[in-house]
Protein chains: 2
Amino acid sequence: MSGAQNTQENPRRARGRPRGWDDKTEQNTIKSLDRAMEIFEYLSADQGKTLSQLASELSQSPATVYRVLITLEARGLVEFDPEEQRWYVGARAFVIGARFLRRTSLVDRARPILRALMERTGETANLGIEKGGMVLFLNQVETHESIRAFFPPGTLSDMHASGIGKALLAFMDEDRFGQWLKGRSLETFTAHTLVAPDALVQELRRTRARGYAIDAEEKNLGMRCIAAPVFDMYGEAVAGISVSGPATRMGWDVTERISRSVVDAARDLTRAVGGSNRHDAG
Amino acid sequence: MSGAQNTQENPRRARGRPRGWDDKTEQNTIKSLDRAMEIFEYLSADQGKTLSQLASELSQSPATVYRVLITLEARGLVEFDPEEQRWYVGARAFVIGARFLRRTSLVDRARPILRALMERTGETANLGIEKGGMVLFLNQVETHESIRAFFPPGTLSDMHASGIGKALLAFMDEDRFGQWLKGRSLETFTAHTLVAPDALVQELRRTRARGYAIDAEEKNLGMRCIAAPVFDMYGEAVAGISVSGPATRMGWDVTERISRSVVDAARDLTRAVGGSNRHDAG
DNA sequence: AAATGTATTTCGCAATATGAAAAATACAAG
DNA sequence: CTTGTATTTTTCATATTGCGAAATACATTT
């Protein structure tokens with residue numbers, strides 16, 4: 001088979017790796033549990049379905065889906081509305097999911113910085129990380145203005161059409177970027193979305209040069225966004241801070257002022273999590 | 001009075017109830033799935049455990065726990081740190097859990113109200129509901145002050161020692177309150193916590209009379225909280241809005257001013273979700 | 001009243017989850 | 001470098017148990 005040069009690219013499990021360890025990773029997974037989680041995920045993506053809808057759309061037996069839902073319901077992970085005969089994500093799932101944020105103290109450390117950034121710029125400040133090739137918004141501090149951008153925490157967004165996403169891509173090493181781009185079709189959201197890989201690469205180069213990313217109505221018309229990367233102790237871009245608002249208030253005249261604040265905030269957070277920016281001169 | 005028309009106290013499933021339907025509800029649950037979810041919940045409650053820790057603490061076979069974790073990891077519901085050999089809640093769980101908030105538009109409607117409340121009072125404003133005998137914090141808008149209360153969304157808190165909790169209890173019907181109190185031991189958090197049922201009942205009566213609840217350092221020393229209930233279309237208290245801050249800034253002299261704002265905010269939200277307050281005179 | 005749509009249960013069988021133990025690995029100490 | 005110990009990961013035999021099809025029970029609609 002492939003020359004199993006177990007270079008350190010896959011350090012998955014450190015101990016106990018008997019015999020044939022090539023690439024059959026999902027051999028020991030529990031099938032029924034995986035199917036159950038598939039149902040759970042599917043339900044969460046589009047709530048308010050009835051049992052038979054779920055069963056047919058997942059092409060599974062209604063009995064199976066029913067048992068899974070009943071079991072999850074007993075734990076509060078899903079909820080059932082007897083009136084409408086519909087299934088929803090339960091409060092317990094919210095409680096458990098929210099505990100994800102506890103691990104990385106990133107959010108805790110980011111909050112005061114996001115707050116200060118919002119105060120200084122007057123626009124909504126956001127924190128996001130890369131997860132599975134997408135941007136995951138972790139937290140935000142909203143502006144006082146009545147017209148404002150709003151990404152609920154937990155939102156997933158495409159990287160190529162997001163300020164934070166482009167900030168992360170710009171500071172990614174070639175390998176990972178190639179990996180990300182490979183076989184990916186860049187969806188069009190507005191007329192300004194960068195869908196041609198060449199155009200994206202070029203923009204990322206500029207982004208890298210200036211130190212921050214600009215999303216000029218590339219996801220939503222009328223919305224601008226300025227983002228900068230946050231680095232961990234290994235100098236890898238692990239998160240991004242952005243400021244987003246309506247294009248009417250985020251004109252090119254204020255870009256420089258805002259971008260300076262965003263870059264400063266990202267640098268503060270980098271410092272707060274013990275990171276360092278290897279791209280910094282000096 | 002409790003639900004009038006629906007005589008059965010357990011209207012769970014509306015349709016399809018063959019034969020022996022007495023009270024053996026959890027007969028059809030999937031055992032292995034339930035055990036897996038137990039592991040998942042247990043891990044989420046105290047992250048950063050190693051495999052053998054989890055196995056021994058749950059008194060299950062390491063092999064089983066391992067397979068469950070591997071399966072959940074494949075879906076991103078849990079994550080594994082190869083360096084430290086420790087398991088954590090995954091980002092996917094956060095994404096799915098956050099979708100719980102999408103169902104109830106409560107949070108969406110509450111945000112502008114919470115924001116206005118924070119602006120008017122200068123203190124952190126919170127939104128919470130009752131879930132399984134506890135208060136579940138859904139959202140908050142933080143104050144600008146550097147010393148402030150902070151309940152991360154997703155936090156569960158005891159009802160008897162929480163402003164929102166007491167506001168909900170005070171406007172609960174006798175039956176449900178009795179149900180809640182029955183066999184429950186009220187934990188002591190500070191010297192001010194109301195742990196004697198009589199004292200709690202008396203305080204709830206006062207709460208009901210004045211229309212808002214006061215948490216005077218009953219959970220955390222130095223923290224005060226004023227809360228008011230939000231009603232749904234049936235006049236049931238389904239949520240609570242509160243303002244919380246350090247006792248130094250929330251003295252008795254400002255209680256009246258703040259409480260008025262909180263009650264107004266709760267009334268606004270009640271109206272925004274199409275609810276009505278049956279306790280209102282006229 | 002009949003038809004339709006949906007939820008819930010029963011039942012037998014086969015898939016598969018399980019625990020014990022062995023194998024594989026890492027780490028620490030000698 | 002070797003040994004010892006702790007922990008993870010796999011193997012394997014077995015019976016537990018999850019699964020689908022069909023039956024059943026409501027509710028709503030025609």
Side-chain angles (χ1 to χ4, degrees), chain A residues 4 6 8 10-39 43 48-74 78-87, chain B residues 5-6 8 10-39 48-74 78 80-87:
Chain A
N6 206 343
Q8 289 133 8
N10 187 5
R12 244 189 83 64
R13 319 242 158 257
R15 315 184 181 181
R17 191 183 317 165
R19 247 183 59 186
W21 177 264
D22 278 350
D23 39 8
K24 46 173 181 177
T25 313
E26 293 101 22
Q27 212 60 29
N28 273 45
T29 59
I30 303 176
K31 290 190 189 175
S32 75
L33 174 57
D34 193 59
R35 268 178 296 212
M37 290 301 100
E38 186 188 356
I39 294 172
L43 170 66
K49 295 249 173 88
T50 93
L51 171 61
S52 28
Q53 277 177 352
L54 287 169
S56 82
E57 289 172 22
L58 289 164
S59 59
Q60 295 214 19
S61 156
T64 302
V65 178
Y66 173 72
R67 281 183 291 243
V68 168
L69 292 176
I70 282 281
T71 308
L72 295 179
E73 188 199 21
V78 306
E79 285 170 12
F80 180 69
D81 177 8
E83 300 279 334
E84 299 280 346
Q85 302 278 302
R86 294 213 155 87
W87 294 89
Chain B
Q5 29 193 351
N6 218 338
Q8 299 128 336
N10 188 4
R12 244 190 80 65
R13 321 245 158 251
R15 317 180 183 183
R17 191 181 318 165
R19 254 189 49 189
W21 177 264
D22 281 347
D23 39 7
K24 45 175 181 176
T25 313
E26 293 103 22
Q27 212 60 29
N28 272 48
T29 58
I30 303 176
K31 290 189 188 173
S32 75
L33 175 56
D34 193 59
R35 267 177 295 208
M37 291 301 100
E38 186 188 356
I39 295 172
K49 294 251 173 83
T50 149
L51 171 62
S52 29
Q53 278 177 351
L54 287 169
S56 83
E57 290 173 21
L58 288 164
S59 58
Q60 297 211 19
S61 155
T64 302
V65 177
Y66 172 73
R67 280 182 291 244
V68 168
L69 292 177
I70 282 280
T71 308
L72 295 179
E73 188 199 21
V78 307
F80 180 70
D81 178 7
E83 299 281 332
E84 299 281 345
Q85 300 278 139
R86 294 212 156 87
W87 294 89

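Numbered from 1 within each chain, the chains take letters A, B, ... in sequence-line order.
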Any protein N or O atoms within reach of nucleotides 13-15 of chain D? Criterion: under 3.5 Å, listing atom names and distances.
none

Please work out if A/T50 contacts a base, only the sugar-phosphate, or nothing of the nucleic acid, heavy-atom cut-off 4.0 Å.
sugar-phosphate

Nucleotide D/dG18, atom P - distance to CE of A/M37 in whole Å
13 Å

Out of C/dA20, C/dC11, D/dT17, whichever nucleotide has its closest atom nearest the side chain of B/K31
D/dT17

On a heavy-atom basis, which atom in A/T71 and which in B/T29 lie closest, and how many Å separate them?
OG1-CA, 3.3 Å

On DNA chain C, nearest-nucleotide positions of A/R86 versus B/R35: which is more 5'?
A/R86

Shortest non-hydrogen contact from B/W87 to B/I70?
CH2-N, 4.4 Å

Whole angstrom value for the distance that separates C1' of C/dT6 from CG of A/D81
15 Å

Of the nucleotides C/dT9, D/dT10, D/dC19, which one has an atom closest to the side chain of B/I30?
D/dC19

Starting from P on D/dC19, measure out to CG on A/L33 and report it in whole angstrom.
11 Å

Chi angles and distances behind the side-chain contact (heavy atoms from CB on, under 4.5 Å) call for A/F80, A/R86
CA-CA 6 Å; A/F80 180 69; A/R86 294 213 155 87; over 6 Å; no

Nearest-Å distance, CD (B/Q85) to P (D/dT7)?
11 Å

Applying side chain to side chain contact (heavy atoms under 4.5 Å, CB included), name anything that partners B/S32, two or more places apart in sequence or on another chain.
A/S32, B/I30, B/R35

Side chain of B/Y66 only, heavy atoms from C-beta on: which candidate in D/dT10, C/dT10, D/dT8 is closest?
D/dT10

Tell me the interatomic distance from A/Q60, atom CD, to D/dC19, atom P, rounded to whole angstroms.
8 Å

Could you give the CZ-to-P distance, from B/R67 to D/dT8, as a whole number of Å?
15 Å

Could you please spell out the steps behind the side-chain contact (heavy atoms from CB on, under 4.5 Å) verdict for A/L43 and A/L69?
CA-CA 10 Å; A/L43 170 66; A/L69 292 176; 4.2 Å; yes

Spacing between A/D34 atom CG and D/dG18 atom P, to the nearest angstrom:
16 Å

For a quick test of your reading: what N or O donor-acceptor pairs under 3.5 Å do the side chains of residues 50-57 of chain A make, sequence neighbours left out?
{"from": "A/T50", "atom 1": "OG1", "to": "A/S52", "atom 2": "N", "distance (Å)": "3.3"}
{"from": "A/T50", "atom 1": "OG1", "to": "A/S52", "atom 2": "OG", "distance (Å)": "3.2"}
{"from": "A/T50", "atom 1": "OG1", "to": "A/Q53", "atom 2": "N", "distance (Å)": "3.3"}
{"from": "A/Q53", "atom 1": "OE1", "to": "A/T50", "atom 2": "N", "distance (Å)": "3.1"}
{"from": "A/S56", "atom 1": "OG", "to": "A/Q53", "atom 2": "O", "distance (Å)": "3.2"}
{"from": "A/E57", "atom 1": "OE1", "to": "A/Y42", "atom 2": "OH", "distance (Å)": "2.5"}
{"from": "A/E57", "atom 1": "OE1", "to": "A/K49", "atom 2": "NZ", "distance (Å)": "2.9"}

Below 4.0 angstrom from OP1 or OP2 of C/dA17, is there any side-chain N or O of B/S32?
no

Counting heavy atoms from C-beta on, name the nucleotide in D/dT7, C/dT6, C/dT18 closest to the side chain of A/S52.
C/dT6

Within the structure shown, what part of the strands sits under 4.0 Å from A/L51 by heavy-atom distance: base, sugar-phosphate, or nothing?
base

Quick check: do A/L33 and A/M37 have side-chain heavy atoms less than 4.5 Å from each other?
yes

